[in-house]
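Please read all numbers here as calculations on a predicted model, not as lab measurements. Just so it is clear, the values below take in all heavy atoms, side chains as well, and ignore hydrogens, waters and symmetry mates.
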Amino acid sequence: MENDWILCCVLVHFLILLISSSYSINAQPFDYPIANLSTSWINNPSLNHSVSFQDGSTVRSILLRGSFGPRFACGFYCNGNCSSFLFAVFIVQTNSGSGITLPASGFPQVVWSANRNNPVGTNSTLQLTPEGDLILQDADGTLIWSTNTTGKSVVGLNMTETGNLVLFDRNNSTVWQSFDHPTDSLVPGQKLAAGQRLTASVSAVNWTEAGLLSLSVTREGLIASIESNPPQVYYNSIITGTKNSTEPSYVRFLNGSLALFVLNSEPNQPDSAIVVPPASSAQYMKFESNGHLRVYEWAAEWNVVADLLTGYFGECDYPMACGNYGICSNGQCSCPGATGSETSYFKQVNDRQPQLGCSEITPLSCDASQDHSLLELNDITYFTFASNLKDTDMETCKQACLKNCSCKAALFQYGWNPSSGNCFLPSELFSLMNNEKEKTHYNSSAFVKVQISSITQSPTSDATPNPVSSGKKTGRTAVILGSVVGALFGVFLIISICVVLFRKKKDAEDDEEDYLDQVPGMPTRFSYEDLKVATENFSRKLGEGGFGSVFEGALSNGTIVAVKHLDGLGQIKKSFLAEVETIGSIHHVNLVRLIGFCADKSHRLLVYEYMCNGSLDKWIFRLNQESVLNWQSRRKIILDIAKGLAYLHEDCRHKIIHLDIKPQNILLDDNFNAKVSDFGLSKLIDRDQSEVVTTMRGTPGYLAPEWLSSVITEKVDVYSFGVVVMEILCGRRNFDRSQSEESMHLLSLFKRKAEEEQLFDMVDKYSEDLQLHGAEAVETMKIAAWCLQSDFAKRPSMSVVVKVLEGVMNVEPNLDYNFSTPPPRQIAAIIARKEADLVISAPLSPSVLSGPR
Ligand SMILES: *[C@@H]1O[C@H](CO)[C@@H](O)[C@H](O)[C@H]1NC(C)=O
Ligand SMILES: *[C@@H]1O[C@H](CO)[C@@H](O)[C@H](O)[C@H]1NC(C)=O
Ligand SMILES: *[C@@H]1O[C@H](CO)[C@@H](O)[C@H](O)[C@H]1NC(C)=O
Ligand SMILES: *[C@@H]1O[C@H](CO)[C@@H](O)[C@H](O)[C@H]1NC(C)=O
Ligand SMILES: *[C@@H]1O[C@H](CO)[C@@H](O)[C@H](O)[C@H]1NC(C)=O
Ligand SMILES: *[C@@H]1O[C@H](CO)[C@@H](O)[C@H](O)[C@H]1NC(C)=O
Ligand SMILES: *[C@@H]1O[C@H](CO)[C@@H](O)[C@H](O)[C@H]1NC(C)=O
Ligand SMILES: *[C@@H]1O[C@H](CO)[C@@H](O)[C@H](O)[C@H]1NC(C)=O
Ligand SMILES: *[C@@H]1O[C@H](CO)[C@@H](O)[C@H](O)[C@H]1NC(C)=O
Ligand SMILES: *[C@@H]1O[C@H](CO)[C@@H](O)[C@H](O)[C@H]1NC(C)=O
Ligand SMILES: *[C@@H]1O[C@H](CO)[C@@H](O)[C@H](O)[C@H]1NC(C)=O
Ligand SMILES: *[C@@H]1O[C@H](CO)[C@@H](O)[C@H](O)[C@H]1NC(C)=O
């Protein structure tokens, strides 16, 4: 009995110990977040909480805020080789009693540093001088860094809760703060203002600022670029001119987003945002030496929870994916012209590390420009394109590069007519990528400038074959034997390669089904069964579009959705998932949001937000006899469509041309906010499926005249938008058989009424409110006229249209009302030929072509 009692006591005691040790019931604050003037700290192991970690890093903390959990501290930090230290702000794990803890994988994470270009050694000193200057000196007294705050009434240094290191004055006002001097990281709450930039370090181990890759905020939004003259932009999230966007802007790392604000916009109203997974613990984001912007989160160890720019593109879209001149193909690197050609001009910088890029075997020399030549690379694209020459042909583009010594390559893009395209002449060439045709609307050609080694051979050129053959007299048998062995070896090699490739392909196919499953911020993947249940076995059909039927459904959480069952998609897997990822990453109030998708065996479905007022055509063509939209609603709808399109054209990493703007593809929510739907879908359809493509791309009546002749640009959407605006204002279809012969074609009527200055006659007669606002409607028609200009170069961009609609800009005064409307039959033939190299011979009746799909 007594024994039992003792045992019980011991157990209870043990339990209490256990609880108190693991839950720290009596946590004592032990932090030391503030320092006074005239304090100095010497970088040696006796400094407070000098801790070395398993990854070789050591921290010696000077200030530390908070207890228990991931906390911000500042102090000396070394990464591995502790002969050099940074004065840094880092996140460490702390507990109640003993200070910084040593979790197996919770290594300190540096989020800011003062001297990454000038590390200091042991016995260096950080001093908060009596004059209020914070200075860092090496052991020999050399000044390494200073805040230059002498005479600014500093009274102390504060390590704040949010990770900001602050020098404050008597009024607790900030005199200097580390947040104003970002290095390569941002912590929650921190903002990156216009003029500031994050600069990547040289590599994951060498933290010297490379100065090559930077992420900055400009008038155009958040931009990631690589240094060159001019810099080459590889990521650009433009802030559209919805407000006074001549104002600079900033981004702020919030819980759940990296939000872009224009300065004079309403506070807490970001103009756009990149989605970040909501923080369940400490987070920070880092702009890394490979150009990625990654978000890290603490959960027993530091995990990458998001790769923000990659949401929009692939590994090969990063400018240094394969170094200079390297060609990136599914993450594999090679050099230009490496196989198949007699002469090679490039070699790998490092044979073992192809991702370091390639160098010229004979360096380019401006003094020997007569020996410059262009090496054509097939199916190659580049991560960026800035038109140096517009509307030109390939030959002119090539010549322009050969004539200019600082040009390193001629990159040429065109729609279908190689005599009319755009030309980019970069002064430095970073990683190239294998063209993924389904990702672009353009054809592209790349020509890389090379130096043809003249008679005087470059001594470093080891690739040119030695002309002197040694074993010339070897017998015939040896040759035959050699070739037999060679041939056998060759066959063996080919078989091996085939086996490897086949395996790879198989692996890739197996992977594809799972790819995208759990990408944060991306659309949810549903199984076919889920969607069958959600739509009650596809019983409530909402409509039928060119891509398939649409059904109403309800997800298990009650959300009403529209499920689109795509037809005619056979084997497509990777491209489907890639496009779904692209579409799913696009968020804008004027674009119908993709909530999820299903890629289950042969089923391809897209799950969209439900828009309860259906498509615009029902409202403007009075298909449902209900109330007619008033002027304010129509004006708002026009502005909404314009904003949605401006976003697609100018804000996405891969510019998205809708190609099929028409009232059927504009949806209205319960408050009559308009949203553009079906964007990006044309790219989901395989080019080989000519039948599908012919009925898919564009709708006659909304197609711009350049479909007949020239490069297809986003201006084809501007044209279609112009047609839709006229339909909204006039309350009738573009082609309406119920009208008299001369009024049947809306644009012909538009031209005549403009010449007669009787545009008022065209305003929707079924709406009294529109008649009341006739003058404004006629003004809006002028915007439509501008959008309908036959010469696509004269049409405004969608962001300009937004500005005009908002009254910040005026319509171009000299408009041509001679709208050329291509005859439907010709259009149908051209589209078919362009998309599938197929001429339609059977005539199609105009009613089929202009009728709704
Ligand atoms: C800083 O100075 C204040 C008052 O002068 C004092 O109360 C405080 O303890 C000092 N802090 C440190 C860390 O020395
Ligand atoms: C070391 O930490 C203690 C609190 O744990 C603090 O009082 C002291 O000022 C610190 N010393 C230095 C040199 O920072
Ligand atoms: C550390 O750096 C020093 C000088 O920079 C170098 O001599 C030493 O070999 C390095 N040690 C390690 C382990 O890398
Ligand atoms: C740092 O200073 C201490 C004491 O002055 C000295 O013993 C030590 O050798 C110094 N270390 C270095 C690396 O200079
Ligand atoms: C302090 O001033 C020096 C010289 O003017 C300058 O090089 C340094 O960048 C300044 N330090 C900071 C943190 O601004
Ligand atoms: C130091 O920063 C904290 C925020 O973490 C703030 O609450 C505090 O007022 C600051 N102290 C001084 C003296 O500025
Ligand atoms: C503190 O605030 C008072 C009143 O706003 C002002 O007069 C004084 O100059 C300020 N002191 C410092 C050091 O900024
Ligand atoms: C400055 O902040 C400290 C601590 O947050 C507070 O005790 C003090 O009253 C503040 N001083 C002024 C002038 O606001
Ligand atoms: C880090 O990179 C810089 C710039 O490329 C170079 O000068 C420096 O030697 C490198 N440091 C180490 C330790 O490799
Ligand atoms: C744009 O800014 C200018 C001056 O900065 C101001 O006068 C104008 O009203 C602003 N326009 C809008 C639409 O905010
Ligand atoms: C971030 O937001 C989520 C909800 O969206 C919330 O659960 C979480 O606690 C927040 N995290 C922080 C650090 O505030
Ligand atoms: C030569 O090309 C560079 C960029 O490749 C460009 O900046 C420069 O203006 C061009 N010079 C001439 C004379 O065209």
Side-chain angles (χ1 to χ4, degrees), residues 212 226-234 316-329 332-350 354-389 392-414 418 421-437 440 442-454 458 460-464:
L212 205 55
I226 185 156
E227 210 44 60
S228 137
N229 185 23
Q232 296 175 20
V233 172
Y234 68 94
C316 290
D317 292 80
Y318 286 91
M320 289 304 266
C322 284
N324 288 71
Y325 288 113
I327 297 174
C328 182
S329 178
Q332 302 289 312
C333 300
S334 61
C335 290
T339 54
S341 70
E342 340 57 79
T343 333
S344 48
Y345 295 99
F346 295 94
K347 59 167 192 259
Q348 281 175 0
V349 172
N350 181 328
Q355 74 278 11
L356 293 182
C358 312
S359 62
E360 306 117 300
I361 287 168
T362 310
L364 286 174
S365 157
C366 286
D367 299 332
S369 59
Q370 72 280 3
D371 293 330
H372 286 174
S373 174
L374 294 174
L375 177 66
E376 176 164 13
L377 304 176
N378 292 317
D379 283 334
I380 291 294
T381 51
Y382 197 52
F383 63 87
T384 191
F385 195 92
S387 303
N388 291 75
L389 299 172
T392 186
D393 59 40
M394 198 183 285
E395 198 49 40
T396 311
C397 181
K398 288 161 71 176
Q399 287 308 321
C401 184
L402 285 171
K403 282 192 200 119
N404 180 341
C405 190
S406 54
C407 171
K408 294 294 190 299
L411 303 167
F412 186 70
Q413 277 188 351
Y414 60 98
N422 293 332
C423 175
F424 174 38
L425 307 168
S427 62
E428 196 166 350
L429 200 61
F430 304 100
S431 296
L432 297 153
M433 50 186 155
N434 244 349
N435 193 6
E436 292 165 60
K437 273 243 167 63
T440 56
Y442 299 105
N443 291 309
S444 58
S445 304
F447 303 89
V448 177
K449 194 187 272 182
V450 291
Q451 189 88 28
I452 301 191
S453 44
S454 44
S458 154
T460 56
S461 166
D462 52 8
T464 32

Answer yes or no: is there a donor N or O on one side and an acceptor on the other, between the side chain of [X] and the main chain of [Y], under 3.5 Å?
X: H372; Y: C405; value: no
X: S387; Y: L389; value: no
X: S228; Y: P230; value: yes
X: K449; Y: C401; value: yes

Indicate, with yes or no, whether the SG-to-SG separation of C328 and C322 is under 2.5 Å.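 No.
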
For the [atom1] atom of [X] and the [atom2] atom of [Y], what is their distance to the nearest 0.5 Å?
X: S329; Y: L432; atom1: OG; atom2: CG; result: 11.5 Å
X: L425; Y: C397; atom1: CG; atom2: SG; result: 5.5 Å
X: K408; Y: E360; atom1: NZ; atom2: CD; result: 7.5 Å
X: N404; Y: Q399; atom1: CG; atom2: CD; result: 12.5 Å
X: S445; Y: L377; atom1: OG; atom2: CG; result: 10.0 Å
X: C407; Y: E428; atom1: SG; atom2: CD; result: 12.5 Å

How about Q232 and Y382: does a side-chain donor come under 3.5 Å of a side-chain acceptor?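 Indeed, the side chains of Q232 and Y382 share at least one donor-acceptor pair under 3.5 Å.
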
Close side-chain approach of [X] and [Y], heavy atoms under 4.5 Å:
X: N324; Y: L429; value: no
X: I327; Y: C333; value: no
X: F385; Y: N422; value: yes
X: Y345; Y: T362; value: no

Which heavy atom in [X] sits nearest to a heavy atom in [Y], and how many Å separate them?
X: C358; Y: F346; value: CB-CB, 4.2 Å
X: V450; Y: L364; value: C-CD2, 3.6 Å
X: G323; Y: S431; value: O-OG, 2.9 Å
X: I226; Y: M320; value: CD1-CG, 3.6 Å
X: N434; Y: I380; value: OD1-CD1, 3.6 Å

Step by step, work out the side-chain contact (heavy atoms from CB on, under 4.5 Å) result for C423 and N388. CA-CA 6 Å; C423 175; N388 291 75; 5.6 Å; no

Do the rings of F430 and F383 sit parallel, tilted or perpendicular, given the 30° and 60° boundaries? tilted

Set out, in order, the CA-CA distance, both residues' side-chain angles and the distance that settles side-chain contact (heavy atoms from CB on, under 4.5 Å) for V448 and Y325, then state yes or no. CA-CA 9 Å; V448 177; Y325 288 113; 3.6 Å; yes

Dump the intermediate steps for side-chain contact (heavy atoms from CB on, under 4.5 Å) on K347 and S359, then the final yes or no. CA-CA 6 Å; K347 59 167 192 259; S359 62; 4.0 Å; yes

Kindly indicate, with the supporting measurements, whether the criterion side-chain contact (heavy atoms from CB on, under 4.5 Å) is fulfilled by M394 and F447. CA-CA 10 Å; M394 198 183 285; F447 303 89; 3.6 Å; yes

